[in-house]
Amino acid sequence: MLITFEGIDGAGKSTQIKKLQILLQKEGLESITLREPGGTEVAEKIRSILLESRHEISPVGELLLFSATRSELVQQVILPALQKGIIVILDRFYDSTRAYQGYGRGIDLSILETIISLSTYNLKPDVTFYLDIKPEEALIRKFSEKSLPLAFENDDLDRMERSGLEFFRKVRNGYLDIIRLEPQRFTVLNALEPPVVLHRQIIEKLRTKIPALEARNHY
Ligand code: TYD
């Protein structure tokens, strides 16, 4: 089973992924947690090229580098794990490419689909959790309200995070569009809910998919 998490930067994916990982472990279910871009030696190297803030990369270059890391991860790690029956939790997958490179950077969506099917070997998630948050709210989580005007110049931000508020508005609207096209795969969560509430909603969804969880009452 392949479970993916999506959302704009600052939506709180990592907290939920960690909670889910701990729960699966407690239940004795074998799982691995991976993130994109990354997860293989080559993919981690490309990740640092992609995210280092001093690098200037064109939208097409960016698309191809993200896709290169994906094909490495899918082929070397994800497909072999799935074949062994291991549950794979993935922090971002091709919906990020659609939302960030397609809607955010403006690359033609039909070209994207060809590159996505090539780089994923046509692998699709069984379930995708999308944590929805407005970019302004995500920023307030990271910085105080007072320092917001200068937030995008903050040295702690990576290259993608520096793309500006307008970019993240497009990315969020992109996600909402993508979900409308494929509502059965997505579970949409309000990222402003407390982490424990979100965790409960995630488990509730997974109980219908993972028999071992169905038998238990977790809360
Ligand atoms: P990361 O630090 O992992 O961000 P987060 O914790 O928010 O997941 O950085 C990944 C960044 O790369 C993030 O800004 C989203 C972006 N991204 C794309 O633009 N396209 C993609 O295909 C993927 C996988 C990520």
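Indexing begins at 1, ligand by ligand and atom by atom, following the structure's order.
Between Glu204 and Arg207 no salt bridge is recorded (no basic side-chain N to carboxylate O distance below 4.0 Å). Using a cutoff of 4.0 Å between basic side-chain nitrogens and carboxylate oxygens, Arg54 and Glu52 are scored as salt-bridged.
Between the side chains of Thr69 and Glu36, not a single donor N or O lies within less than 3.5 Å of an accepting N or O.
Closest to atom 4 (O) of ligand 1 among all protein heavy atoms lies Asp9 OD2, 3.8 Å. At the top of the distance list for atom 20 (N) of ligand 1, counting protein heavy atoms only, stands Gln101 OE1, 2.7 Å. Of the protein's non-hydrogen atoms, Pro37 CD, 3.9 Å is the one closest to atom 10 (C) of ligand 1. If you check which protein heavy atom lies closest to atom 9 (O) of ligand 1, you get Leu51 CD1, 3.6 Å. Among all non-hydrogen protein atoms, the one lying nearest atom 25 (C) of ligand 1 is Phe66 CE2, 3.3 Å.
In this structure, Arg92 counts as a contact residue of ligand 1, since one of its heavy atoms falls inside 4.0 Å of the ligand.
An N or O contact shorter than 3.5 Å is missing between Tyr100 and ligand 1 by distance. Annotation: Thr97 places an N or O atom under 3.5 Å from an N or O atom of ligand 1; distance criterion only.
Nearest to atom 3 (O) of ligand 1 by heavy atom, out of Arg35, Glu62, Lys13, Arg47, is Arg47. Within the set Met160, Glu36, Glu6, Arg98, the minimum heavy-atom distance to atom 24 (C) of ligand 1 is found for Glu36.
With sequence neighbours excluded, the residues forming a side-chain hydrogen bond (donor to acceptor under 3.5 Å, both in side chains) with Asp108 are Ser110, listed by chain and number.
Every pair passing ring pair (Phe, Tyr, Trp, His ring centres under 6.0 Å) that includes a residue from residues 109-132 is listed here, sequence neighbours excluded: Phe5-Phe129, Tyr130-Tyr175.
For ligand 1, the atoms sitting less than 4.0 Å from at least one non-hydrogen atom of Arg70 are 22 (O), 24 (C), numbered in the order shown with element in parentheses.
When all heavy atoms of Ile3 and Met1 are compared, the pair lying nearest together is CG1-CG, 3.8 Å.
A donor-acceptor contact shorter than 3.5 Å is absent between the side chain of Arg47 and the backbone of Gly39.
Test Thr120, Leu123, Leu118 against Arg70 for side-chain contact (heavy atoms from CB on, under 4.5 Å) and you get one pass: Thr120.
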